[in-house]
Amino acid sequence: MSVTVEIHPDDFDPWASVQQAEQAIPAQARGAASVFVGRMRDFNEDETVTGLFLEHYPGMTERELERIVAEAEARWPLLGCHVAHRVGEVRPGDALVLVATWSAHRVAARDACSHILERLKHEAPFWKRERLADGSDRWVEQNTPGT
Amino acid sequence: MSVTVEIHPDDFDPWASVQQAEQAIPAQARGAASVFVGRMRDFNEDETVTGLFLEHYPGMTERELERIVAEAEARWPLLGCHVAHRVGEVRPGDALVLVATWSAHRVAARDACSHILERLKHEAPFWKRERLADGSDRWVEQNTPGT
Amino acid sequence: MTVSVHYFARLREELGRQEEQAELPGDSLTVAELWQHLHQQPPPARLMAAVNQEQAGLDTPVRDGDEVAYFPPVTGG
Amino acid sequence: MTVSVHYFARLREELGRQEEQAELPGDSLTVAELWQHLHQQPPPARLMAAVNQEQAGLDTPVRDGDEVAYFPPVTGG
């Protein structure tokens, strides 16, 4: 079981990140990979968002992500998990979050990927502050529902 | 809406394929990407599979994949879909199938990706013949259930 | 009427052919009737078919010039 | 007892500080009691907390040397 958790202070390429993480999974067993990549959009609640600042709690963030991944491992037969999250000043189009799961079975990979993403959004200590077109800032109060 | 369907007669890198397909999606709108990659495992039904031959119906395959993607587009608010499938002689670890969907919303991307994959497995004209460790061959009779 | 008939996968191997041209009386018959005509027996269980590269049922009509394909359940992905 | 207290996001901005050292009487109190002691009012609705970088509830005990964090609902992903 290969687990990697990354916090990126600068823009990162999620596909290169998955490709690299996959090297640690035994090629002949992996079967299915399920990946989610979330990027910064330029709209939210109908106002134009021109930038985003992502604050996190260094130390606790990594521990929480590892705990969330361990929870998924206990529930599904996984071969690997890779979670990456951006912090700091983010521009529209930049990758914010990446969750990748590998399993011998497609349903396990898919369900674990969804589960990790939803848990991350509700439990991992990250906070978004949006910069609006008029120059003002606002903290995002809550995530959009996942189901 | 960007739609690409690819049939690969040789081994392909699914992450590079997703990365390239994503260039056609407007960066500031894409929000969420959901990706599934299926690879050849070296086991199935408890016997050791050493190789796979993937037959397809040229012409109909592309049409069916486009039809399946169009069905998903009609049901979810998608920004793009990319489907790639391997044909010919396949070795363990090679990518067999790639489904990638982009949307402004994560649930739409995820559900459309699952839907396209399940439809592809039950409707697109591909057939797998497995080569076993003892040198014999067998046609795979049906896919494992997706739920 | 003339139609081209294609076979895939296990069916192609069992029948020992990939493609044949069929000359038929009349100007229309169904996918099931075409199989009966060619093989002198009803279509096997779980047979899948396509007419002009689109999914077809056993009742789908076949006309002059059509491309008909018969195949076992698909196993891609 | 001494604990270090961290604030994040909107809470950090509203309180005008990111971190403080708190000197407290006794050798244990709860996350809620610590907030009351520091801010002279009950914890606000939807307050989240962590003790030693692990999720905590308002009832979680705080002891000498602990790292306590208060923050609004998380919005990552």
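Order of the sequence lines fixes the chain letters, A, B, ..., with proteins taken first and strands second; residue numbering starts at 1 for each chain.
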Among the listed options A:M40, A:R91, A:K121, A:H105, the residue most often paired with chain B at heavy-atom distances under 4.5 Å: A:K121

A:G31 to B:R41 - nearest heavy-atom pair and separation: CA-CG, 3.4 Å

Check whether A:R39 reaches the backbone of B:R30 with its side chain - one donor and one acceptor, N or O, closer than 3.5 Å. no

Of all heavy-atom pairs linking B:A16 and A:Q19, the shortest is N-NE2, 4.5 Å

For the interface with chain A, which of B:A32, B:P92, B:A109 has the highest count of heavy-atom pairs at distances below 4.5 Å? B:A32

Please work out which of the three classes, parallel, tilted or perpendicular, describes the rings of A:W102 and B:W15, given edges at 30° and 60°. perpendicular

Please check this pair: side chain of B:R106 against backbone of A:G38, looking for a donor-acceptor N/O pair closer than 3.5 Å. no

Engaged part of A:L117 at the chain B interface, taking heavy atoms whose separation is under 4.5 Å: side chain

Comparing A:S34, A:P26, A:A100, A:A104 against chain B, the one with the most heavy-atom pairs below 4.5 Å turns out to be A:A104

Which atoms of B:D13 come close to chain A, meaning under 4.5 Å heavy atom to heavy atom: side chain ones, backbone ones, both, or neither? side chain

How about CZ on B:R67, more than 12 heavy atoms from neighbouring residues, nucleotides or ligands closer than 6.0 Å, or not? yes

Should the heavy atoms of other residues, nucleotides or ligands under 6.0 Å from CD of A:E89 be counted, would the total exceed 12? yes

